[in-house]
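Single-structure report; data block below.
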There are 2 protein chains.
Amino acid sequence: MAENVSYQNVQAEVMRRINDHVWEPGGLIPAESLLAKEFGCTRTTINRALRELADNGILDRKRKVGTRVALHPERKATFRIPLTRLEVENSGAIYRHSLIERKICKPPVVIRTRLGLSATSKMLHVRALHLSDGQPFQYEDRWVCLEVVPKILDAKLETISANEWLVQNAPFTSGDIIFSAASASKEEAELLGTHEGDALFVVERITWQGTAPVTQVRLAYAPGYRLHSVI
Amino acid sequence: MAENVSYQNVQAEVMRRINDHVWEPGGLIPAESLLAKEFGCTRTTINRALRELADNGILDRKRKVGTRVALHPERKATFRIPLTRLEVENSGAIYRHSLIERKICKPPVVIRTRLGLSATSKMLHVRALHLSDGQPFQYEDRWVCLEVVPKILDAKLETISANEWLVQNAPFTSGDIIFSAASASKEEAELLGTHEGDALFVVERITWQGTAPVTQVRLAYAPGYRLHSVI
DNA sequence: CAAATTATTATGTGTAGACATAATATGATT
DNA sequence: AATCATATTATGTCTACACATAATAATTTG
């Protein structure tokens with residue numbers, strides 16, 4: 001008798017009660033100590049179950065106030081941000097990349113202000129094309145903050161992509177990502193082997209080391225690219 | 001004396017050692033029991049610290065084998081999947097939606113096979129336009145599985161959007177999401193108030209209740225839409 | 001020697017209890 | 001009545017210990 005109740009059992013039952021509207025969206029659910037008594041386990045176990053559900057956005061918790069069912073159950077989707085090389089190789093194709101430009105210069109105002117840099121700052125501007133089985137796969141336009149990552153000037157970016165060098169040598173603490181769709185410019189179309197005006201999937205990413213910007217990159221994918229994710 | 005060591009302290013120090021290459025990517029790190037001794041806390045605390053980092057993709061853990069620094073630190077990004085209504089309202093605009101079509105019929109083969117339905121299955125096909133301050137914001141093309149959610153036939157989809165009705169009435173256990181870019185068809189362009197061929201940001205989503213498909217939806221956003229996310 | 005069996009070990013998860021902390025509710029004071 | 005100090009409460013996190021489990025290593029067996 002007295003089987004152990006696992007935190008997963010608790011989670012399953014909590015989810016059932018939410019789905020069956022036993023516990024209404026926005027409503028308070030019983031306190032941990034009560035649930036512990038009801039489920040016949042310790043508060044530790046209940047705590048872990050509820051904490052994880054709160055991490056997943058299913059529940060909202062506040063000290064002293066209690067735990068309530070999230071009002072708008074906006075499920076969180078997570079997706080991995082792989083290296084472009086691995087993204088290609090995982091599809092079974094052969095990866096290659098070619099450096100288009102590598103220049104130290106002052107960034108355009110858009111970039112500078114977005115990163116919060118002074119007007120005199122110089123950055124490393126890198127443009128590269130990533131290929132999958134010889135076909136254009138992704139066009140990369142990157143600005144690297146030299147004050148934060150001066151060592152990148154020693155990197156052989158013809159051999160190792162800036163993407164990969166940064167992952168290995170420039171840790172970041174946080175980042176912003178923006179997904180959008182854009183029409184291919186003439187140059188982009190040429191590089192990606194498609195036509196001007198074609199719809200491209202675009203990812204922009206800015207990464208930070210504390211409050212200092214590390215790098216900003218714009219990745220334009222060749223037509224047909226689909227980013228997959230799971231809820 | 002003997003200050004408590006929190007799991008967050010442990011996480012911070014672990015991250016430092018990874019960033020400073022004290023622990024190499026792919027390398028084994030000391031076992032929980034050793035770290036507990038080193039940090040002067042219990043294994044429980046170490047476990048929580050490492051477990052969370054593993055959840056975030058920073059570490060790889062396997063029983064008996066140990067814990068290693070993830071070889072390719074593909075950071076996971078998470079983003080919320082809000083109701084379209086809230087997405088609009090949170091931007092300060094007024095939301096409205098208009099139903100374009102609501103029909104019970106057999107789905108095209110693409111949809112049917114993707115959802116694993118039989119050839120005779122009928123589904124509810126809903127098309128709607130979501131507006132932000134009167135301007136076209138998102139075009140929704142949805143198929144709902146009537147075997148799983150028969151009650152949707154009673155819903156007043158002119159009043160409440162299918163999106164919102166389903167969130168409240170049809171829980172799901174898992175889902176796939178695909179992001180892509182597409183050129184606007186003539187009809188899409190008309191509905192979204194733009195031009196044929198314009199680049200649209202497209203989200204496709206399939207949700208499942210166990211192994212049964214709940215709904216498949218294709219959301220095409222008006223030009224200019226950007227999806228934000230944080231790492 | 002190869003195959004099957006039996007340790008061994010690192011993580012996974014549970015119990016029981018304690019103190020910390022944030023936010024509210026209550027009561028005392030002006 | 002309004003303000004401030006004080007209890008109260010639910011979650012947050014830690015200690016200390018125990019047993020479960022998966023995967024490997026060591027050992028026995030055919």
Side-chain angles (χ1 to χ4, degrees), chain A residues 1-18 22-71 73 76, chain B residues 1-18 22-71 73 76:
Chain A
M1 284 280 95
E3 289 279 307
N4 272 353
V5 175
S6 78
Y7 74 97
Q8 284 137 339
N9 298 354
V10 177
Q11 285 181 344
E13 175 60 13
V14 168
M15 287 307 292
R16 191 194 65 74
R17 291 185 189 181
I18 294 174
V22 178
W23 290 338
E24 294 294 332
L28 273 176
I29 75 172
E32 291 185 348
S33 51
L34 294 176
L35 291 174
K37 198 179 282 184
E38 182 197 332
F39 282 90
C41 63
T42 54
R43 192 170 75 85
T44 316
T45 301
I46 301 289
N47 181 271
R48 174 158 181 195
L50 300 187
R51 178 160 38 83
E52 282 191 5
L53 291 178
D55 286 345
N56 291 329
I58 310 280
L59 299 173
D60 284 334
R61 322 195 73 199
K62 237 191 322 191
R63 267 184 185 159
K64 158 76 185 178
V65 179
T67 302
R68 41 183 79 244
V69 179
L71 201 50
K76 272 191 234 163
Chain B
M1 284 283 99
E3 289 280 307
N4 273 352
V5 174
S6 78
Y7 76 97
Q8 285 140 345
N9 298 149
V10 177
Q11 285 181 344
E13 174 61 12
V14 167
M15 286 307 292
R16 192 194 63 75
R17 291 185 189 181
I18 293 173
V22 178
W23 291 338
E24 294 294 331
L28 273 174
I29 76 172
E32 290 185 348
S33 51
L34 294 176
L35 290 174
K37 200 180 281 182
E38 183 199 330
F39 282 92
C41 63
T42 56
R43 191 169 76 82
T44 315
T45 301
I46 302 289
N47 180 273
R48 174 159 182 195
L50 299 188
R51 176 160 39 83
E52 281 193 4
L53 291 178
D55 285 345
N56 291 330
I58 310 280
L59 299 173
D60 284 333
R61 321 195 75 198
K62 237 191 322 194
R63 268 186 187 162
K64 157 77 185 177
V65 179
T67 302
R68 42 182 80 244
V69 181
L71 201 49
K76 272 194 240 161

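We name chains A, B, ... by the order of the sequence lines, and we start the count at 1 in each one. In what follows, every heavy atom counts, from backbone to side chain, and hydrogens, waters and symmetry copies are set aside.
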Q | A:A31 or B:R43, whichever maps to the more 5' nucleotide of DNA chain D | A | A:A31
Q) Do A:S6 and A:N9 have a side chain donor and acceptor closer than 3.5 Å? A) yes
Q) What's the CG-P distance between B:L59 and C:dT11, to the nearest Å? A) 11 Å
Q.
Does a side-chain N or O of B:Q8 approach OP1 or OP2 of D:dT13 to a distance below 4.0 Å, or not?
A. yes
Q.
So, OP1 or OP2 of D:dC14: does either fall under 4.0 Å of a side-chain N or O from B:Y7?
A. no
Q: Tell me whether the OP1 or OP2 atom of C:dT13 has a side-chain N or O from A:T45 closer than 4.0 Å.
A: no
Q.
In whole Å, I'd like the distance from the NZ atom of B:K62 to the C1' atom of D:dT21.
A. 15 Å
Q | Whole angstrom value for the distance that separates C1' of C:dA16 from CZ of A:F39 | A | 19 Å
Q: Measure from the side-chain heavy atoms of B:C41 and tell me the nearest of D:dT15, D:dG12, C:dT11.
A: D:dT15
Q.
The side chain of A:R63 is closest to which nucleotide in this list: D:dA23, C:dT13, D:dG12?
A. D:dG12
Q.
Let me confirm one number: the CG-CZ distance from B:L34 to B:R43, rounded to the nearest 0.5 Å.
A. 11.5 Å
Q.
I want to verify a distance call: between D:dG12, C:dT13, C:dT24, whose nearest atom is closest to the A:V65 side chain?
A. C:dT24
Q.
If you compare all heavy atoms of B:P30 against all heavy atoms of B:W23, which two are closest, and at what distance to 0.1 Å?
A. CD-CZ2, 3.6 Å
(Q) Is the phosphate of D:dA10 approached by A:R61 (side-chain N or O, under 4.0 Å from OP1 or OP2)? (A) no
**Q.** Gap between atoms CD1 and P, on B:I46 and C:dT13 respectively (whole Å)
**A.** 17 Å
Q) NZ of B:K37 versus P of D:dT15: gap in Å, rounded? A) 16 Å
(Q) Can you measure A:K64 atom NZ to C:dC19 atom C1' for me and round it to whole angstrom units? (A) 18 Å
Q. When you check the gap from the basic side-chain N to the acidic O, do A:R61 and A:E32 get nearer than 4.0 Å?
A. yes
Q: Using a heavy-atom cut-off of under 4.0 Å over every strand shown, decide if B:T44 touches base, sugar-phosphate, or nothing.
A: base
Q) In whole Å, what is the span from the CD1 atom of A:I29 to the P atom of D:dT11? A) 8 Å
Q | Main-chain N/O of A:V22 paired to A:R17 side chain as donor or acceptor, under 3.5 Å | A | no
Q: Measure the distance from CG on A:N47 to P on C:dC19 and round it to the nearest whole Å.
A: 18 Å
Q) How would you label the contact of B:T42 with the nucleic acid (heavy atoms, under 4.0 Å): base, sugar-phosphate, or nothing? A) base
